[in-house]
Amino acid sequence: MKKILHVIASPRGEASYSQKLANALIDKLKTEYPGSGILAKNLNREVYEHLQLAHASAFVIAPEKQDAGQAAISLHSNETVAELLDADILVISTPMYNFSIPSSLKAWLDHITRSGLTFRFSAEGPEGLVTGKKIYVAIASGGVYSEGVMKEFDFIEPYLKSVLAFIGLTDINFLRVEGISIPGIQETALEKAISDIKL
Ligand SMILES: Cc1cc2nc3c(=O)[nH]c(=O)nc-3n(C[C@H](O)[C@H](O)[C@H](O)COP(=O)(O)O)c2cc1C
């Protein structure tokens, strides 16, 4: 039995390919770990603010030293970090927008990458504090990026690998439903992506 946190970035609801792929993955995880609980977090319904001066100022102050205003502006971030720490498995489903992730997902990442809470600096350099979790990232794109001439235009995998590893999340499995704008590929893209799922 596992606690699964599903972070949903696509605004397209049931029509979303990334969400469909993540749902198929979650069905497999539920079969593998009967009784698992899912917390679905739709970033288009629960919107994270872009970091403003107030966030940037508050996030660098340890919680016990924050004043009331700094504590208030950190609340959403603190709750989000707690959700992440509570999960055994993190599933992120995301469209590719302009070769990268949607800004809604970037804003969520900005709220979980917190000095003293999810990473810290020591004499040896940065240390991720969120360990022992399995991560799956389901990516949907109009083009094909896993191989071929467009591979170098994919900024999702390298970025997510780096930022998640920075907070300690290194066990990442990327799943791709790709080529959904390309006739001849789009018809079978989802079926292929689902059959490629490995837990
Ligand atoms: C604003 C926007 C930007 C997009 N940028 C890209 C892109 O850079 N590369 C690509 O292959 N597809 C791009 N697409 C296509 C989406 O990645 C594709 O429709 C995908 O299925 C969306 O994910 P979803 O079905 O989970 O919503 C873009 C779509 C939109 C709406």
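First listed ligand is number 1; within each ligand, the first listed atom is number 1.
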Can you confirm whether Glu191 is buried at CD, in the sense that more than 12 heavy atoms of other residues, nucleotides or ligands lie under 6.0 Å from that atom?
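Not buried by this count: 12 neighbours or fewer within 6.0 Å.
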Return yes when atom NZ of Lys28 has more than 12 non-hydrogen atoms of other residues, nucleotides or ligands closer than 6.0 Å, and no otherwise.
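Counting other residues, nucleotides and ligands, NZ of Lys28 exceeds 12 neighbours.
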Near ligand 1, which protein residues have a heavy atom under 4.0 Å away?
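The 4.0 Å shell around ligand 1 contains Ser10, Arg12, Ser16, Tyr17, Ser18, Pro95, Met96, Tyr97, Asn98, Phe99, Ala140, Ser141, Gly142, Gly143, Tyr145, Ile180.
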Is it possible for you to say whether Leu169 and Phe174 belong to one hydrophobic cluster, with membership spreading through side-chain heavy-atom contacts below 4.5 Å?
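Same cluster.
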Val177 and Tyr145: same hydrophobic cluster, using ILVMFWY side-chain contacts below 4.5 Å?
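No, it is not one cluster - the side chains of Val177 and Tyr145 are not joined through contacts under 4.5 Å.
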In chain order, what residues pass the ring pair (Phe, Tyr, Trp, His ring centres under 6.0 Å) check against Phe119, with sequence neighbours excluded?
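Once residues adjacent in sequence are excluded, the partners of Phe119 under the ring pair (Phe, Tyr, Trp, His ring centres under 6.0 Å) criterion are Phe121, Phe166.
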Between CG on residue Asn44 and CZ on residue Arg12, distance to nearest 0.5 Å
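Answer rounded to 0.5 Å: 11.5 Å.
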